[in-house]
Amino acid sequence: MKLANTKWLMIIGLLLLGIVAGCSEDDKEAVAEKAPAEESDKEAPAEPVEAEEFNIPEAAVHNVEEMIKEKGKYIPNKMTDQQKEDLYKELEEAPAGMTGEEAYSLAVSLLAADVEEAATIIDEVDPVIKINSATPEDEIDIPDTETVNVAILLDASGSMAGEVNGGQKMELAKSAIQKYASDLPEGANIMLRVYGHEGTGTDADKAMSCASNEVVYDLGNYDGQQFADSLEQFNPAGWTPLAGAIEAAEADLKEQKGDNVRNVVYVVSDGIETCDGDPVAAAASLNKSDIQAEVNIIGFDVDNEGQKQLEAVAKAGNGQYKSVYSESELNEYLEQEYSRLYWEWLAWGNDRKLEILSQSNDIYGELLAAYNDVSLLSLASKNEMYAIHYDLKELGKFKDEEAMDKYLEMIDTRYETVRQHYKQESERKDEIRKEVYEKLRKQVNQLEEEKMDEYRS
């Protein structure tokens, strides 16, 4: 009887185990069936942003006026740890497959240095020392000045038909030159030579255009109507025979030499030599000749390649190179050159000497401090932009190696363009400061001696 009961208990136990095992398998299948449904409720990973879908403002490459207005979201060398993390997140969110230009524009929007205030100081510094010219007797004679001959060489090639801020380059140049000539002091002589004003920019017309080089206003005193008429004789047309124009200017001025004669050449051009000449050699020859003319270059809306050549021409001619990008900059430069070449100051006594020295030191200090700010801020920005290229590369943001190389090249170009522009501007204004300082100091000493001699007699 006991064995029978035991047998039935064993059968019932096995049945219960089968039921439990069956439920477990069913539960596993149910779980397996539910798993895909649960996974489908999760968010799909975000698709990478493509470069064409990412709104990156295009940054300036050569235009200094635009560059100094661009300010990045983060301040180089002054970021907190949190800001560095935020910057890295922005790089992570940047699009994949960017070109060098797109990566450069992104970097500028994030890390461009704020140099506008310092750059504005350099632009607005007046390098001409101003003093009270009153004498104890309240009258004084202006010392005799040297004979000054100004030769203007105007580029009339086809590119001068281009537009800048204020209007057409050629029309703005004509207007600025007319005003400059009208402001020259009595006794100064001026001449105007144009080049590249015939033919077109085609290969068929190259020979004719490169030979187009003529004086439209002979060296002499300024006559307003005649000078205006000379400016109406030509329009922008062909190629750019810059070297030929400088060589011709040497012949124009060959008789103008002597201790009290000063010859100054101004070239107004928007580009490089295109007629196979050597303007650097031509400028060096002109400066080293008996007439010892200095060759100053006004680069009107010139790109980086053109700036390098025109800077070399000015250096060879012992002159100054100045980049201008608008009507106002061109007029301002010519006005300051007028001050540099012909400013006649009247001063009296030691108090005037101290005033001259004080202003000279202030101008120098202001220019130096502002240029240092521009240079150091620009360098910090360049270094930060360079540093993030490692992150961009690691995150796969560059289209290819060529894009990365282009990015680095554009960073260097931006830094050099801003630095060189304000270096030239600071040096040019400092040269004006030194020239005016020496001239004033000499005049004060001379006038003081003359008055003391008069009192002794």
Is the closest side-chain heavy-atom distance between [X] and [Y] below 4.5 Å?
X    : Y    : result
E332 : E124 : no
V150 : Y222 : no
Q359 : D126 : no
Y371 : R419 : yes
K382 : D412 : yes
K257 : Q292 : no
D252 : L219 : no
L172 : F300 : yes

Look only at the side chain of [X] and the backbone of [Y], and say whether a donor-acceptor pair between them is shorter than 3.5 Å.
X    : Y    : result
N213 : G244 : yes
K429 : I122 : yes
T120 : E116 : yes
N221 : N189 : no
E273 : L242 : yes
S381 : S378 : no
Y195 : A243 : no
S157 : T240 : no
W239 : G158 : no
S323 : G299 : no

Between [Y] and [X], is there a side-chain donor-acceptor contact under 3.5 Å, judged purely by atom types and distance?
X    : Y    : answer
N149 : Q256 : yes
E58  : Y104 : no
E311 : Q420 : no
D229 : Q233 : no

Enclosure of [X] [atom1] (heavy-atom neighbours >12, cutoff 6.0 Å):
X    : atom1 : result
I75  : CD1   : no
E65  : CD    : yes
E402 : CD    : no
K71  : NZ    : yes

Go through it in stages, so that I can follow the logic: the residues are L91 and K397, the test is side chain to side chain contact (heavy atoms under 4.5 Å, CB included), and I'd like the CA-CA distance, side-chain angles, deciding distance and then a yes or no. CA-CA 8 Å; L91 299 181; K397 301 303 182 180; over 6 Å; no
Answer yes or no: is there an ion pair linking [X] with [Y], defined by an N-O contact shorter than 4.0 Å?
X    : Y    : result
E250 : K254 : no
K399 : E102 : no
R433 : D430 : yes
E431 : K434 : yes

Ring geometry between F234 and H197 (parallel below 30°, tilted from 30 to 60°, perpendicular above 60°):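 Perpendicular.
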Check the angle between the aromatic planes of F227 and Y217 and answer parallel, tilted or perpendicular using the 30° and 60° thresholds.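 Perpendicular: the ring planes of F227 and Y217 meet at over 60°.
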Please walk me through it: do I291 and L286 pass side chain to side chain contact (heavy atoms under 4.5 Å, CB included)? CA-CA 8 Å; I291 58 178; L286 177 56; 3.5 Å; yes
Can you spot which of E66, E70, E409 makes a salt bridge (Lys or Arg N to Asp or Glu O under 4.0 Å) with R414?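 Of the listed options, the one satisfying the test is E70.
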Could you state the interatomic distance from [atom1] ([X]) to [atom2] ([Y]), rounded to the nearest 0.5 Å?
X    : Y    : atom1 : atom2 : answer
T413 : L408 : OG1   : CG    : 10.5 Å
L106 : I388 : CG    : CD1   : 6.5 Å
I190 : D218 : CD1   : CG    : 12.5 Å
Q320 : I298 : CD    : CD1   : 12.0 Å
S182 : D223 : OG    : CG    : 12.0 Å
C275 : K206 : SG    : NZ    : 6.5 Å

Can you give me the closest heavy-atom contact between [X] and [Y], atom names plus distance?
X    : Y    : answer
A293 : V265 : CB-CG2, 4.2 Å
M79  : Y74  : SD-CB, 3.6 Å
L111 : P76  : O-CG, 3.5 Å
L110 : E90  : CD2-OE1, 3.5 Å
S230 : V216 : CB-O, 3.2 Å
D155 : S269 : OD2-OG, 3.0 Å

Derivation and outcome, side chain to side chain contact (heavy atoms under 4.5 Å, CB included), residues M410 and V61: CA-CA 7 Å; M410 295 178 77; V61 181; 3.6 Å; yes
For K322, what residues pass the side-chain hydrogen bond (donor to acceptor under 3.5 Å, both in side chains) criterion, not counting sequence neighbours?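 Counting only residues at least two positions away or on another chain, K322 forms a side-chain hydrogen bond (donor to acceptor under 3.5 Å, both in side chains) with E425.
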So among E92, M404, M98, which one has a side chain to side chain contact (heavy atoms under 4.5 Å, CB included) with L392?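 That would be M98; it is the only one of E92, M404, M98 passing the side chain to side chain contact (heavy atoms under 4.5 Å, CB included) with L392.
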What residues, two or more places apart in sequence or in another chain, satisfy side-chain contact (heavy atoms from CB on, under 4.5 Å) together with K288?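 K288 satisfies side-chain contact (heavy atoms from CB on, under 4.5 Å) with no other residue.
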Just do the side chain to side chain contact (heavy atoms under 4.5 Å, CB included) check on Y266 and L154 with the steps written out, would you? CA-CA 8 Å; Y266 289 100; L154 178 58; over 6 Å; no
By salt bridge (charged side-chain N to carboxylate O under 4.0 Å, His left out) - contacts of K174 (at least two apart):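 Checked K174 against salt bridge (charged side-chain N to carboxylate O under 4.0 Å, His left out); zero matches.
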